[in-house]
Amino acid sequence: NQTADMFAAGAVRTKTFENFFVDDVQVSGTKSWTNNGKDAAGNWSYTKTATNMVHSYPDGTSSIWNRTHTSTLISGGGTPTHWDNVWSITGTAAGTNRNGKNITATILEPLIKKATCRWITEGVTQFTREGKTATLDFGNGTCDRFGQLTLPNGETVTIRLRK
């Protein structure tokens, strides 16, 4: 369902998952995109929500989460190509994993995603599960697939980011 062309301020696109499976995992819930129009700096932004998203597994377990992220086009919006676009992403997510543990993710420093790089190149996200907090620092803007994960015990390890 879509209320208007997604390039129009105020347009909303909604997807509801019903009887949808990926392999043997059933996916249900609703995702939506809202075009917020231009912000005070003249940058386009979109709010992306996921509401009551559930993955139901064949073994009877399930996970559920809700997410709200706002993506703002901070560079490249005035050119005809998308290859120079740079997005800034903020927001939070919360839910329960397959083991019944509550989890949250909060973007502490905006995540920066360049169209010319498959990975997020900057920003920090904080993850909390059962009162234990870890952070993931995506770097200084270099296009690479590595991040620094700081574990709840304070240890920092370099991890490879997924494609």
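Between Arg98 and Asp59, at least one side-chain N (NZ, or NE/NH1/NH2) sits under 4.0 Å from a carboxylate O, which counts as a salt bridge.
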Query raised in the report: Going through the checks in order, is the side chain to side chain contact (heavy atoms under 4.5 Å, CB included) test met by Thr128 and Ile103?
Result: CA-CA 6 Å; Thr128 303; Ile103 54 175; over 6 Å; no
Query raised in the report: side chain to side chain contact (heavy atoms under 4.5 Å, CB included) between Asn35 and Trp44: does it pass, once the steps are laid out?
Result: CA-CA 8 Å; Asn35 181 332; Trp44 287 96; 3.5 Å; yes
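The closest side-chain heavy-atom distance from Asn66 to Asn52 is below 4.5 Å. Counting only heavy atoms from C-beta outward, the side chains of Leu73 and Asn85 approach each other to under 4.5 Å. Annotation: side chain of Gln26 is not in contact with side chain of Phe20 (no heavy-atom distance under 4.5 Å). In this structure the side chain of Thr70 reaches within 4.5 angstrom of the side chain of Asn36, judged on heavy atoms. Under the 4.5 Å side-chain criterion, counting only non-hydrogen atoms from C-beta, Val27 is in contact with Met53. Within the 4.5 Å cutoff, the side chain of Asn97 has heavy atoms near those of the Arg129 side chain. Taking 4.5 Å as the limit, some side-chain heavy atom of Ile112 sits within range of a side-chain heavy atom of Ile74. Put simply, the side chain of Ser63 reaches to within 4.5 Å of the side chain of Tyr57, judged on heavy atoms.
From Thr125, atom OG1 reaches atom CD1 of Ile107 across 5.0 Å, with rounding to the nearest 0.5 Å. Phe138 CZ to Leu149 CG: the interatomic distance, rounded to the nearest 0.5 Å, is 10.0 Å. Taking CG from Asn19 and OG from Ser28, the interatomic distance works out to 10.5 Å, rounded to the nearest 0.5 Å. Once rounded to the nearest 0.5 Å, the distance linking CG of Leu136 with CG of Leu111 reads 8.5 Å. To the nearest 0.5 Å, atom OH of residue Tyr46 and atom NZ of residue Lys48 are 9.5 Å apart. To the nearest 0.5 angstrom, Gln148 atom CD is 10.5 Å from Asn140 atom CG.
Judged purely by atom type and a 3.5 angstrom limit, Gln2 uses its side chain to pair as donor or acceptor with the backbone of Ala4. Within the 3.5 Å criterion, the main-chain N or O of Arg162 finds a donor-acceptor partner in the side chain of Trp119. The backbone N or O of Leu161 sits less than 3.5 Å from a side-chain atom of Arg145, completing a donor-acceptor pair. Looking only at distances, no side-chain donor or acceptor of Lys15 sits under 3.5 Å from a matching main-chain atom of Asn1. Under a 3.5 Å cut-off, the side chain of Thr79 and the backbone N or O of Thr81 do form a donor-acceptor pair.
Within 6.0 Å of CG on Asn153 lie more than 12 heavy atoms contributed by other residues, nucleotides or ligands. For Arg67, the CZ atom sits in a packed shell: over 12 heavy atoms of surrounding residues, nucleotides or ligands are nearer than 6.0 Å. Under a cut-off of 6.0 angstrom, the local environment of CZ in Phe7 is sparse, with at most 12 non-hydrogen atoms contributed by other residues, nucleotides or ligands. The number of heavy-atom neighbours closer than 6.0 Å to CH2 of Trp33, taken from other residues, nucleotides and ligands shown, is 12 or below.
Residues Pro110 and Ser88 come closest through the heavy atom pair CB-OG, 3.2 Å. Looking at every heavy atom in both residues, Val12 comes nearest to Met6 through C-SD, 4.1 Å. Nearest heavy atoms, Ala134 versus Leu151: CB-CA, 4.3 Å. Here the shortest heavy-atom pairing between Cys117 and Thr121 reads SG-CG2, 3.8 Å. The shortest heavy-atom contact between Thr133 and Gln126 is CG2-CG, 3.3 Å. The two residues Thr3 and Gly10 come nearest to each other via the heavy atoms OG1-O, 4.2 Å.
Hydrophobic clustering, with ILVMFWY side chains joined whenever heavy atoms are under 4.5 angstrom apart, groups Ile120 together with Ile159. Residues Val22 and Phe17 share a hydrophobic cluster, clusters being chains of Ile/Leu/Val/Met/Phe/Trp/Tyr side chains in contact below 4.5 Å.
For the residue pair Thr142/Asp144, the side-chain donor-acceptor check at 3.5 Å is not satisfied. Side-chain contact of Thr150 with Glu155: a donor-acceptor pair under 3.5 Å is absent, judged by distance alone. Thr47 and Thr34 share no donor-acceptor pair across their side chains, judged by distance under 3.5 Å alone.
Under the salt bridge (Lys or Arg N to Asp or Glu O under 4.0 Å) criterion, Lys31 pairs with no residue at all, not counting sequence neighbours.
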